[in-house]
Every structure is written in structure tokens, then in C-alpha cells.
Amino acid sequence: MFASGFRWLVGFVGLIVVLSGGFAAAQEPAITKAAVGLVPLDEMSAKDRYQGEEGGLYGDGSNVPPESQRQAAEAALKEIRPRDANGKPSDNGRVVLISLSMSNATQEFSTFKPIADRDPRKSSKLTIVDCAQGGQTMARWADPEAPPWTEAMRRLEAAGVTPAQVQVAWIKPANAGPTGTLKQHGQQLYRDTLTVLQHAKTRFPNLKIAYLSSRTFGGYTEGRLNPEPFAYEGAFAVRWLIRDQIDGEGRLNADASKGPVRAPVLLWGPYLWANGPTPRKSDGLLWLPDDFGSDLTHPSRTGREKVAKLLLEFFANDPLAKPWFTTP
């Protein structure tokens with residue numbers, strides 16, 4: 001009801017002002033409604049603060065991984081190669097990219113897959129399988145015997161590939177109905193996602209790199225599923241995971257020379273959050289009401305396409321993804 005009422009009101013006001021020659025002014029109520037006073041994490045500097053957290057995807061105002069993590073990623077990239085059904089390197093094998101997460105992620109990734117499959121840059125050795133599923137948040141995946149893992153295995157089999165061929169994952173950490181402070185709900189999301197990463201490494205022994213993306217804008221909805229500021233704050237849980245791996249957290253170890261390998265190398269995937277209708281400085285990304293479905297939380301067709309294109313360009317161009325995604 002809110003969604004339809006909101007769109008009707010914006011459309012009605014817009015029509016009246018257009019007829020009077022002032023369309024730009026008609027957008028002001030929508031912009032005021034959407035603006036949540038938050039700055040994209042990748043636009044914050046090392047001196048900026050949000051509840052004590054500095055800017056930059058990787059912290060300290062930086063949007064690129066520090067040297068140690070870049071080296072870890074490059075070492076992992078050298079291990080990503082076509083593998084046979086048993087996980088052995090083979091010229092006739094496959095590299096498998098999967099997604100793991102909830103409804104928004106499966107809607108976005110299932111839109112990305114056919115676009116990527118048609119793209120001439122995509123390697124002919126790469127198989128993309130959407131394993132994300134509706135309602136299956138990080139808290140659900142955290143149970144190693146939960147139904148989403150069974151369904152993920154079924155989807156791999158249907159695609160003609162095996163768990164041993166899975167070497168790359170895109171994961172969108174999120175839990176439903178978060179409450180409390182950033183430290184409270186963020187730490188819960190951290191714990192659940194850490195557990196999911198460990199389970200993924202166990203089920204997919206050749207999983208080398210996981211690219212993490214936090215949620216899109218949640219400022220239009222009045223529902224409790226994942227509104228602002230929770231949608232925005234989820235990015236900090238992603239950053240805590242990556243920084244803890246960099247700092248040597250044993251539960252996230254990806255280096256066999258330092259002990260048992262418990263997780264893949266963690267990197268940021270595309271950062272999806274922008275402040276509603278305010279274009280992001282780096283690339284102009286913005287989110288409008290029409291980019292969301294009736295609940296103003298799940299993506300509409302245009303919203304799914306936006307994320308799909310961000311994923312495609314990231315994997316095709318980022319130096320720490322391009323080697324396995326593109327045709328040599």
C-alpha cells in the first residue's frame with residue numbers, strides 16, 4: 001500500500017508541475033524523502049566517521065585492498081583453473097562461479113547470468129550457477145545441514161558441474177529484520193557470514209576467492225525486512241570480515257602456510273549502495289522507487305539489471321577478477 005501510494009503521489013505531483021513547466025521542482029519531495037543523510041562508504045575518507053568507522057571499502061579511506069591482501073588474491077588467482085569433476089586441473093574442465101545468499105541476490109544474480117553468458121569477454125571455460133535462494137539469509141546458511149545447501153548442490157548437478165569445480169563465489173551478506181545498533185546487528189551478520197564462509201570452503205574445497213557485496217539502498221521502504229540504516233550498515237560487517245582476515249584471524253585463514261585453511265580469500269565485489277536519487281560520484285549510480293518492487297525492498301526489473309551490469313563490469317574489468325572471468 002505504501003509503495004503504490006508513494007508512487008501515485010510522486011507521479012501526481014510530477015504531472016501537475018510538468019503542466020506548469022516546473023518538472024525539476026516536482027522531484028524535490030521524492031529526493032527529500034529518499035535522502036537518508038548517509039555517504040557511500042567508498043566516498044568517505046580516512047578522516048570521515050560513521051559511528052566511529054572510517055571511510056573506504058577496505059578502511060583507512062582506501063577502496064583497494066592493501067598490499068598483503070592483493071598478494072593473497074593474486075596467489076589465489078593462479079590456483080583458479082579449469083578442473084575436472086574430481087577437482088583436478090584439466091584443459092577440458094570448468095571454472096564455476098556461484099552465488100550464495102537470499103532473495104535479492106538470486107533475483108540479481110539470475111539476471112546477471114544470461115547477460116554474462118552472452119558477453120564475448122566471458123571465458124568459455126566459465127560456468128555460472130545461481131545458488132542464492134529466496135528467504136535464505138546468512139542466518140539460514142549458517143546451519144551446515146540447512147535446506148539451502150541441499151538446493152545449492154542440486155543446482156550444481158543440474159548445471160552439469162560438481163562442488164569440486166566451484167572456485168569463485170559472490171556472496172551478499174544480509175539478515176532479515178535486523179535490529180539494534182551497528183555493533184549489535186553488524187556483529188551478528190559478521191558471525192553468520194563467517195560461518196557461511198567456513199561451510200562454503202568445506203563444501204567447495206577448491207573455492208579460492210569470495211567477492212562480497214553489501215545491500216542496495218533501503219530508504220524508500222517502511223517495512224522491517226531491511227530498511228535504512230541497516231541496509232547501509234551491512235557494509236561494515238563485510239569490511240570487518242576482510243580486515244580480520246588481513247589481520248590474521250585464524251577462523252578466516254586462507255593461507256596454508258599459516259595453518260588450516262578455513263575460508264577463501266575475501267575481497268570486495270561491486271559496492272551496490274548509493275543514497276537513493278543522489279548520483280554516486282564515482283559512477284553516477286542512483287536508486288529510484290521504480291528500481292524496487294511493491295515492497296520497495298526487493299529489486300524490480302530495472303533494479304536487477306543495474307546490479308547485473310555492475311557485476312558484469314566488475315568481473316570483466318577488476319584486475320583481481322578479470323583473469324578467471326575473461327577469455328585468455
Side-chain angles (χ1 to χ4, degrees), residues 41-42 53-80 95-102 105 109 131-132 137-139 141-142 166-175 186-215 233-273 310-311 314-315 318-325:
L41 186 57
D42 62 352
E53 299 283 341
E54 78 274 18
L57 296 179
Y58 289 91
D60 297 324
S62 176
N63 295 319
V64 297
E67 182 63 16
S68 62
Q69 195 70 352
R70 184 189 65 79
Q71 291 180 1
E74 290 181 345
L77 288 171
K78 294 178 181 178
E79 296 295 320
I80 298 175
V95 172
V96 177
L97 162 66
I98 64 169
S99 61
L100 295 176
S101 194
M102 46 32 163
F109 202 79
C131 292
T137 61
M138 291 294 100
W141 288 93
V166 174
Q167 299 175 68
V168 192
W170 177 64
I171 302 177
K172 189 176 184 180
N175 277 329
Q187 286 297 328
Q188 183 62 55
L189 183 58
Y190 173 101
R191 290 190 294 269
D192 289 337
T193 307
L194 185 152
T195 303
V196 172
L197 289 164
Q198 292 179 330
H199 295 334
K201 183 60 180 175
T202 299
R203 286 183 173 268
F204 312 120
N206 289 312
L207 178 61
K208 303 300 181 182
I209 300 179
Y211 301 89
L212 308 181
S213 295
S214 55
R215 294 185 64 96
E233 291 176 348
F236 294 102
V238 171
R239 191 171 74 183
W240 297 338
L241 286 160
I242 297 174
R243 292 184 71 171
D244 277 0
Q245 184 177 73
I246 293 170
D247 292 341
E249 166 60 65
R251 294 174 298 172
L252 291 167
N253 181 49
D255 186 348
S257 69
K258 297 179 180 178
V261 173
R262 306 286 302 280
V265 172
L266 304 181
L267 296 170
W268 269 97
Y271 177 60
L272 306 177
W273 196 91
L310 287 169
L311 282 166
F314 176 86
F315 290 137
D318 189 274
L320 297 180
K322 184 177 179 180
W324 58 262
F325 184 83

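We're numbering straight along the sequence, starting at 1.
A donor-acceptor contact shorter than 3.5 Å is absent between the side chain of Asp42 and the backbone of Asn63. Judged by distance alone, with hydrogens and angles left aside, the side-chain atoms of Lys201 form a donor-acceptor pair with the main-chain N or O of Leu207 at under 3.5 Å. Using a distance-only test at 3.5 Å, with no hydrogens or angles considered, no donor-acceptor pair links the side chain of Glu233 to the main chain of Gly186. Proximity of a side-chain donor or acceptor of Tyr271 to a complementary backbone N or O of Leu57 within less than 3.5 Å is not detected. With hydrogens and angles disregarded, no donor-acceptor distance shorter than 3.5 Å links the side chain of Asn175 to the backbone of Thr137. Using modelled atom types, no side-chain atom of Asp60 and backbone atom of Ser62 make a donor-acceptor pair closer than 3.5 Å.
Put simply, the side chain of Arg251 does not reach to within 4.5 Å of the side chain of Arg191, judged on heavy atoms. Using a 4.5 Å heavy-atom cutoff, the side chains of Pro323 and Ile80 are not in contact. Counting only heavy atoms from C-beta outward, the side chains of Ile171 and Leu197 approach each other to under 4.5 Å. By the 4.5 Å heavy-atom criterion applied to side chains, Ile98 and Phe204 are counted as neighbours.
Using a cut-off of 4.0 Å between Lys/Arg side-chain N and Asp/Glu carboxylate O, Arg243 and Glu53 are scored as not salt-bridged. Remark: Glu74 does not engage Lys78 in a salt bridge, criterion side-chain N to carboxylate O under 4.0 Å. Between Arg262 and Glu249, no side-chain nitrogen of the basic residue sits less than 4.0 Å from a carboxylate oxygen of the acidic one, so the salt-bridge criterion is not met.
Counting all heavy atoms, side chain and backbone alike, Ala210 lies closest to Pro264 at CB-CG, 3.7 Å. Taking every heavy atom of both residues into account, Pro66 and Tyr58 meet most closely at CD-CD2, 4.1 Å. Residues Gly55 and Arg239 approach most closely at O-NH1, 3.5 Å, considering heavy atoms. Closest approach of Pro270 and Trp170 over heavy atoms only: CD-NE1, 4.5 Å. Contact between Ala73 and Leu267 at its shortest, heavy atoms only, is CB-CD1, 3.8 Å. Considering every non-hydrogen atom in both Met138 and Leu189, the closest pair reads CG-CD1, 4.0 Å.
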>> Using side chain to side chain contact (heavy atoms under 4.5 Å, CB included), reason through Phe236 and Leu41 one step at a time and then give a plain yes or no.
In response: CA-CA 9 Å; Phe236 294 102; Leu41 186 57; 3.7 Å; yes
>> Working note: Ser214 + Trp273, criterion side chain to side chain donor-acceptor pair (under 3.5 Å); need CA distance, chi angles, decisive distance, verdict.
In response: CA-CA 7 Å; Ser214 55; Trp273 196 91; over 6 Å; no
>> If you apply the rule side chain to side chain contact (heavy atoms under 4.5 Å, CB included), what do you find for Gln188 with Asp192, and how did you get there?
In response: CA-CA 6 Å; Gln188 183 62 55; Asp192 289 337; 3.1 Å; yes
> Val64 and Trp268: side chain to side chain contact (heavy atoms under 4.5 Å, CB included), yes or no, with the steps?
Replying inline: CA-CA 9 Å; Val64 297; Trp268 269 97; over 6 Å; no
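Between Ile246 atom CD1 and Gln69 atom CD the span is 4.5 Å, to the nearest 0.5 Å. The distance from the CG atom of Leu252 to the CG atom of Leu194 is 4.0 Å, given to the nearest 0.5 Å. The structure places CG of Leu320 at 12.0 Å from CZ of Phe315, a figure rounded to the nearest 0.5 Å. How far NE2 of His199 is from CG of Leu100: 11.5 Å, rounded to the nearest 0.5 Å. Atom CG of Leu97 and atom CG of Leu311 lie 8.5 Å apart (nearest 0.5 Å). Distance check: Phe314 CZ to Ser213 OG gives 7.5 Å after rounding to the nearest 0.5 Å.
With 3.5 Å as the limit, one finds no donor-acceptor pair spanning the side chains of Glu79 and Gln167.
Note: Tyr211 and Trp324 have tilted aromatic rings, judged against thresholds of 30 and 60 degrees for the angle between ring planes.
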